[in-house]
There are 2 protein chains.
Amino acid sequence: MAVTEERYFSEAAARLGISQQAVSKRIAMLEKDLGVALLSRTSRGAQLTVDGQAFLPHARKLLRVEARAVAAVRPGRRALRIDVLNHRIGPAALLRNFHRAHPDIELDVVTLIDTDVDTAIAAIRSGAIDASFRAVTAPEQQLRDGVTAARVLDDPHELLTGPTHQLAAARAVTPADLVGHRIWIPGIVPGTEWAAYYDDLAAAFGLTIERVGPNFGTDHLLDMLADSSTLASLTGEQVRLLWPADYDLRRIPVREPTPVYPHSLIWHRDNPHPGLAALRNCIRAMQRHHHDAKTWAPKWAMPHASP
Amino acid sequence: MAVTEERYFSEAAARLGISQQAVSKRIAMLEKDLGVALLSRTSRGAQLTVDGQAFLPHARKLLRVEARAVAAVRPGRRALRIDVLNHRIGPAALLRNFHRAHPDIELDVVTLIDTDVDTAIAAIRSGAIDASFRAVTAPEQQLRDGVTAARVLDDPHELLTGPTHQLAAARAVTPADLVGHRIWIPGIVPGTEWAAYYDDLAAAFGLTIERVGPNFGTDHLLDMLADSSTLASLTGEQVRLLWPADYDLRRIPVREPTPVYPHSLIWHRDNPHPGLAALRNCIRAMQRHHHDAKTWAPKWAMPHASP
DNA sequence: CCCGTCCACAACTGTTGGTTGTGGTTCTTC
DNA sequence: GAAGAACCACAACCAACAGTTGTGGACGGG
């Protein structure tokens, strides 16, 4: 990278604080390991070869990833560690906005796999992560020792169907409309708070929600929905779903009442990380509560609050 | 990574084909460099510390990136190098579909910055890249020595406006409707084939397309549009734009005629890379020509063809 | 043709990543 | 409570490597 930017081995060496010969040896060794020539040497400096051009962006990325890896554990001011269920749901969008507003604050977004809110809270208590976006099922039992939570984002549900589904043409549907329809939400891990949420949702409106089968990924779900006239799924307005342009899936709002998934931010009151305070401020600023629309949330959902 | 998966230093050592002591030294050195403890050693194996948990995913990513870097230049069967203008336009979606269909074929998607179709063709001729998605302005002059092109994707234009724009409520607009409106497309590099395309489009329908200013990124464009009642932009149906959920931008189809951007695939006839043949096959299979709708493309656009 | 510029090779050295041998700690077992 | 097993760390050693300085070959310009 230094050579391509400086054009000369000796300039690159100066920038790196080593000798020209050391640069020569480094590159010769790299080329030997890769088995291809990266630079064509002339008496007027060095030029990237075809393979060098292909390799360079990967080299840059490698250094970026390394820097992030080090930043994630840097003693003193390490990156802010946030847990989200996955990178498509509403809280992930919140985090993207936060990152846009504060690009200087290093984020380390992680996903504690197959875990429920209790595990996340334990991780916050131990300091393994700084914050988590979760639905809190039993606040009074779980929040102790300075672990705090605030309900920050209600994501209204949408019905996801293929073009041939019976409800595909509807502008909106009510929960009652869904009774008797096959609603398939794969990948729900039993025992987690989201499993509890969908259980409560199904019970409240008499729905049948199929949770069978392992999660083969969103792509597989979209595949199934696109072809089926009987199968539908539930997603959230804030959930970022992407599908091939020829798929023609429909996202139909659910209304009267609108079931909302109650995402909370959970953090530790005594955590001194400056990024955490910034995140809470930013979320507070972005919050807009729609108390006008009729919504439904589980009984155990926390009351709305500012983080 | 090996230790966390095997739980014991000695098991990890066996897997790596080195001695237990070497593993011990490696990890001790890594911890010294990072300045934090990654593993807590007990007499019943090793457990990740808090920092170790944070570091592990970065370590995995580092190895993945390294593997991709090596694969990009691996002699014999290196990754397939494709040039696209950016990762949001239609051809990039084509590539995502291709990757979904052929996950085994390693892709190296690159962007030759600020370059026009001639540079891309030269890169293909030299072997720097295997294929490029470009609009070909003067086929008869540019395509020689086995360099071949086929028009593979016509992306219909859409008007992009904020909610307060005069045309925001329209179901569709015609090019004539756009006369006199401010249409802003930042980031067009003069002298490129896309600059030529927008010049021709503006001339054909008497539009005024503002190309001023450097490109501050899509985010900035979306910001400007969201707030403005006079400014609009043009995008493509296949272009993948993402904006914050509270933005409420509108994408309005342009009809009668529909201007389409004529993306071609360019490649070298004699390039033996097996992935290239697969890509051409896949694109051929995905192609669906809509000859029914009235469309407009520049005079110089190639005739439609199968790659 | 000479000279300057640029990169590579040679010889040398300190550091590193591996080896084997051994010892300390911790849990289990009798 | 002592013996044993399992596990990880330290010590000594060695080969390989990444750096150093010194030097030489290739190329292009005046």
Side-chain angles (χ1 to χ4, degrees), chain A residues 1-56 58-60 62-63 65-67 69-70 73 75 126 128, chain B residues 1-56 58-60 62-63 65-67 69-70 73 75 126 128:
Chain A
M1 283 171 51
V3 170
T4 57
E5 279 156 34
E6 305 288 345
R7 269 200 58 195
Y8 301 106
F9 278 45
S10 38
E11 301 280 319
R15 198 171 94 182
L16 299 174
I18 59 176
S19 67
Q20 167 264 312
Q21 290 86 338
V23 173
S24 180
K25 275 175 67 170
R26 271 200 201 181
I27 292 189
M29 183 63 109
L30 178 60
E31 289 179 327
K32 186 185 137 231
D33 288 346
L34 291 173
V36 296
L38 298 175
L39 293 166
S40 67
R41 285 82 157 166
T42 77
S43 62
R44 280 195 316 283
Q47 294 275 318
L48 280 175
T49 65
V50 161
D51 287 307
Q53 288 171 42
F55 189 73
L56 183 60
H58 294 282
R60 289 192 210 285
L62 210 43
L63 288 200
V65 171
E66 186 226 14
V70 174
V73 294
S126 76
Chain B
M1 282 171 50
V3 170
T4 57
E5 279 156 34
E6 305 289 344
R7 269 202 58 195
Y8 301 106
F9 278 45
S10 39
E11 301 280 319
R15 198 171 94 182
L16 299 174
I18 57 177
S19 67
Q20 167 264 311
Q21 291 86 338
V23 173
S24 179
K25 275 175 68 170
R26 271 200 201 180
I27 293 188
M29 183 64 109
L30 178 61
E31 289 179 326
K32 186 186 137 230
D33 287 347
L34 291 173
V36 296
L38 298 176
L39 293 166
S40 68
R41 286 81 158 166
T42 78
S43 63
R44 280 196 314 283
Q47 293 275 319
L48 280 174
T49 64
V50 160
D51 287 306
Q53 288 171 43
F55 189 74
L56 183 61
H58 295 281
R60 289 192 209 284
L62 211 43
L63 288 200
V65 171
E66 186 226 14
V70 174
V73 295
S126 77

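The sequence lines fix the lettering, A, B, ..., with proteins before strands; numbering per chain opens at 1. Note: hydrogens, waters and symmetry copies are ignored here, and every other heavy atom, side chains too, is used.
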Student: With a 4.5 Å limit on heavy-atom distance, are the side chains of A:M29 and A:R26 in contact?
Tutor: no
Student: In whole Å, what is the span from the CD atom of A:Q20 to the P atom of D:dT23?
Tutor: 15 Å
Student: Output every pair passing side chain to side chain donor-acceptor pair (under 3.5 Å) with a member in residues 38-48 of chain B, not counting sequence neighbours, ordered by first then second residue.
Tutor: B:E31-B:R41
Student: Where along residues 30-45 of chain B does a heavy atom fall under 4.0 Å from DNA chain C?
Tutor: B:S43, B:R44
Student: Can you name the closest pair of heavy atoms from B:A37 and B:T49 and give their distance?
Tutor: O-OG1, 2.7 Å
Student: So which nucleotide from D:dT20, D:dC8, D:dC17 ends up closest to the side chain of A:M29?
Tutor: D:dC17
Student: So, taking the atom named CZ in A:F55 and the one named CG in A:L62, what distance separates them when rounded to the nearest 0.5 Å?
Tutor: 7.0 Å
Student: Identify whether the distance between the nearest side-chain nitrogen and carboxylate oxygen of A:R60 and A:E5 falls below 4.0 Å.
Tutor: yes
Student: To the nearest Å, how far apart are A:Y8 OH and D:dG28 C1'?
Tutor: 12 Å
Student: Please check: side-chain N/O of B:S10 versus main-chain N/O of B:Q20, any donor-acceptor pairing under 3.5 Å?
Tutor: no
Student: What I'd like to find out is whether the side chain of B:T4 reaches to under 4.5 Å of the side chain of B:L39, using heavy atoms alone.
Tutor: yes
Student: Are the side chains of A:V3 and A:Y8 in touch, meaning some heavy atoms are under 4.5 Å apart?
Tutor: no
Student: Where does the chain B footprint on DNA chain C start and end, counting 5' to 3' with a 4.0 Å heavy-atom cut-off?
Tutor: C:dG17 to C:dC27
Student: Tell me what A:A28 touches on the nucleic acid: a base, only sugar-phosphate, or nothing, going by heavy atoms under 4.0 Å.
Tutor: nothing
Student: Which residue, B:Q21 or B:R26, contacts DNA chain C at a nucleotide closer to its 5' end, judged by nearest heavy atom?
Tutor: B:R26
Student: What is the distance, rounded to the nearest whole Å, between atom CD1 of A:I27 and atom P of D:dA18?
Tutor: 13 Å
Student: Start at the 5' end of DNA chain D and walk down; is the nucleotide closest to A:S19 or to B:F9 reached first?
Tutor: B:F9
